[in-house]
Amino acid sequence: MNIEASAPGKCILFGEHAVVFGQPAVAVALEQRIHVSIQPIEAEEWTLEGNKFNPRKHPHLSTLRKLLWPTKDGAPALSIEIHGNIPRASGLGSSAALSVAASAALRAARGRWVIESEQGPVWTEGYSSEIEDTDAYTGLNSGIRTTMYHKKELHLFGNDALDLDECSIIGHAVEAAAQGGRASPMDASTCAHGGVILLSEQIESDNEYLYQRQLDMDDGKRTWELHELGVPKGGEEVYLVIGNTGVHAPTADQVAKVSKAIQDEPERMKEIETIGLIARRGIEALKNGDYEAVGRAMTENHVMLRGLGVSCHELDDLVRAAAPSSLGAKLTGAGGGGCMVALTRNPDITSEAIKTAGGKALVSKFGNEGMRLETPHCEPFWSPQIHPD
Ligand code: PMV
C-alpha cells in the first residue's frame, strides 16, 4: 500500500530579480519531475529512503508533517521515497516540486472531510486562498485548520481529495519556513499548476487570474497576483534547453546584491523597470505564439541581468554557445551560477553546444502538467478526528 504524487520543476522565462520590486515575471513548468511515494509503517519514527528521517536536514518535509500529518493526533509513521530528474539547488524548483508533490501525497493519505451542500461538497478542513485567514503560514505549530464546520459527513479519497490551490499554498508556506520567511509563490504555484504562470503586483487579466498570495516578511507584507497563461499557441514547435553551469550561488546572496546596487544608486531602478517592460513584451509575444519575439525578449532580458551584475562568465559562456542555434537565451533564476535557458527549434544542436561549452543540458517542451497523483484511486492511511459540535 503506497501513495505517490509527482510535480514538475520550473524555469523562469522573464523577470527574475525585477519581480522582487513588483515587476511581472513568468515561470514555465518543465518536463523534469520529482516523485514522492509514502507508505505507513509500524514504527515510532519516519524513514526517508530507508534511513531515519532527520527533520533538521529536511525542513520542507518537516514543516509539511506539522501541517498535514500531526503525530500527536495519531497519524502513523511513514516511510518516504523520493526520486526524479530535477537537479537540486540549481534554480529549477526542486524544493518547491518536492513540497508540492509531498503535500499532495499527504493530503491523499488523509483524505478530506467535507459536508454536502447544494453547490457540492464544502470542505470542513484544509488550506485555501478562499479562506481569508487560512493558517498555512501562521499555523505551522498549531496544525491544520479544522474549525470551519466541525462536522464529518463525507470523506473524499484519491484525486477527489486534492486541490491545486491547497498544494501550492502549502508549498509556498513550506518554502517560506525553510528560507527564513522569504519566498515568492512563483515556484510553488508553477510546480502545482504546471503550464505557464505569470506573477505580478497587479491583476493583469481577469480571465487568466488564479489567486492572490500574501506573505509577511521581516521588512513588510508582500502581495502577489498569480495568473495561469495556459499552453502558449504553437508551443509544441519550440523547446526549452536548460544549461546547468554546476556553479552554486545562493539565491539570497544574489537578491541582496541587487538590493544593494539599487540602494547605492537609486537611479538604477530604471534597469529594473526596463526588465519589467521587456517581460511584458515577452508575455505578449508568448500569448501570440511569436517565438522569434519571445527569444529576442529573453536575450534582452539577459543583457539587462548582466548589467545588474547577476550573471557570471560560466552563464555568459553557455548563453553565447546556445545563441547561434536558438531564438534567444538568458540566465534563469537568481544567477551568479545555476542555470541558463535557451528557446530553440533545434534542441539537439543547442544541447550539444551547451555541453561543448562545459554545461550540462536538459531539454523540455512547453505545456507540462503540474502536480499529479500517480495513485489516483488510493485510499487514505489515516483520517483525522474532527470533534462534533
Ligand atoms: O533561483 P530561483 O529559481 O529560486 O529564482 C530566484 C528568483 C528571484 O527573482 C531572483 C528571487 C525571487 O524571490 O523571486
Side-chain angles (χ1 to χ4, degrees), residues 7-30 32 34 60 86-100 171-191 197-201 213-226 240 242-262 271-273 275-276 278-279 282 298 301-302 304-312 314-315 330-341 362 364:
K10 70 99 212 339
C11 77
I12 301 176
L13 218 49
F14 299 111
E16 49 274 271
H17 289 289
V19 71
V20 176
F21 298 86
Q23 301 293 339
V26 176
V28 181
L30 299 175
Q32 288 69 27
I34 276 184
H60 297 84
I86 309 174
R88 284 169 53 87
S90 23
L92 297 181
S94 65
S95 62
L98 168 70
S99 304
V100 164
H172 182 213
V174 163
E175 286 238 287
Q179 294 173 24
R182 300 178 82 81
S184 99
M186 180 151 55
D187 284 21
S189 289
T190 310
C191 298
I197 296 292
L198 161 65
L199 182 144
S200 175
E201 217 178 24
R213 291 275 184 264
Q214 292 193 322
L215 189 65
D216 281 318
M217 294 190 185
D218 46 11
D219 53 354
K221 194 189 217 75
R222 296 282 198 292
T223 301
W224 298 273
E225 308 292 353
L226 288 108
L240 298 167
I242 309 286
N244 193 344
T245 62
V247 177
H248 183 60
T251 298
D253 293 357
Q254 297 297 108
V255 171
K257 192 171 175 180
V258 174
S259 154
K260 180 161 186 325
I262 304 290
E271 295 170 45
I272 298 289
E273 287 160 10
I275 293 180
I278 294 169
M298 287 169 67
N301 195 159
H302 182 72
M304 295 305 300
L305 288 166
R306 237 186 117 189
L308 273 181
V310 291
S311 193
C312 61
E314 290 88 348
L315 279 168
K330 63 182 273 291
L331 70 85
T332 185
C339 294
M340 51 72 72
V341 57
L362 291 175
S364 176

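Atoms within each ligand, like the ligands themselves, are counted from 1 in listed order. Source: prediction; values computed, not measured.
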J.: Between atom CD of E175 and atom OG of S184, what is the distance when rounded to the nearest 0.5 Å?
T.: 8.5 Å
J.: With a 4.5 Å heavy-atom cut-off, do I275 and N301 have their side chains touching?
T.: yes
J.: Donor-acceptor pairs are to be reported for all side-chain atoms of residues 17-25 against protein atoms at under 3.5 Å, with residues two or more places apart or in another chain.
T.:
from	atom 1	to	atom 2	distance (Å)
H17	NE2	A334	O	2.8

J.: Determine whether a donor-acceptor pair (N or O, by modelled atom type, separation under 3.5 Å) exists between the side chain of D187 and the backbone of K10.
T.: no
J.: Which N/O atoms of ligand 1 sit under 3.5 Å from a protein N/O, and at what distances?
T.:
from	atom 1	to	atom 2	distance (Å)
ligand 1	1 (O)	T251	OG1	3.4
ligand 1	1 (O)	A334	N	3.0
ligand 1	3 (O)	K10	NZ	2.7
ligand 1	3 (O)	G91	O	3.2
ligand 1	9 (O)	H17	N	2.8

J.: Does R222 CZ have over 12 foreign heavy atoms under 6.0 Å away?
T.: yes
J.: Without swapping roles, check the side chain of T245 against the backbone of G338 for a donor-acceptor pair under 3.5 Å.
T.: yes
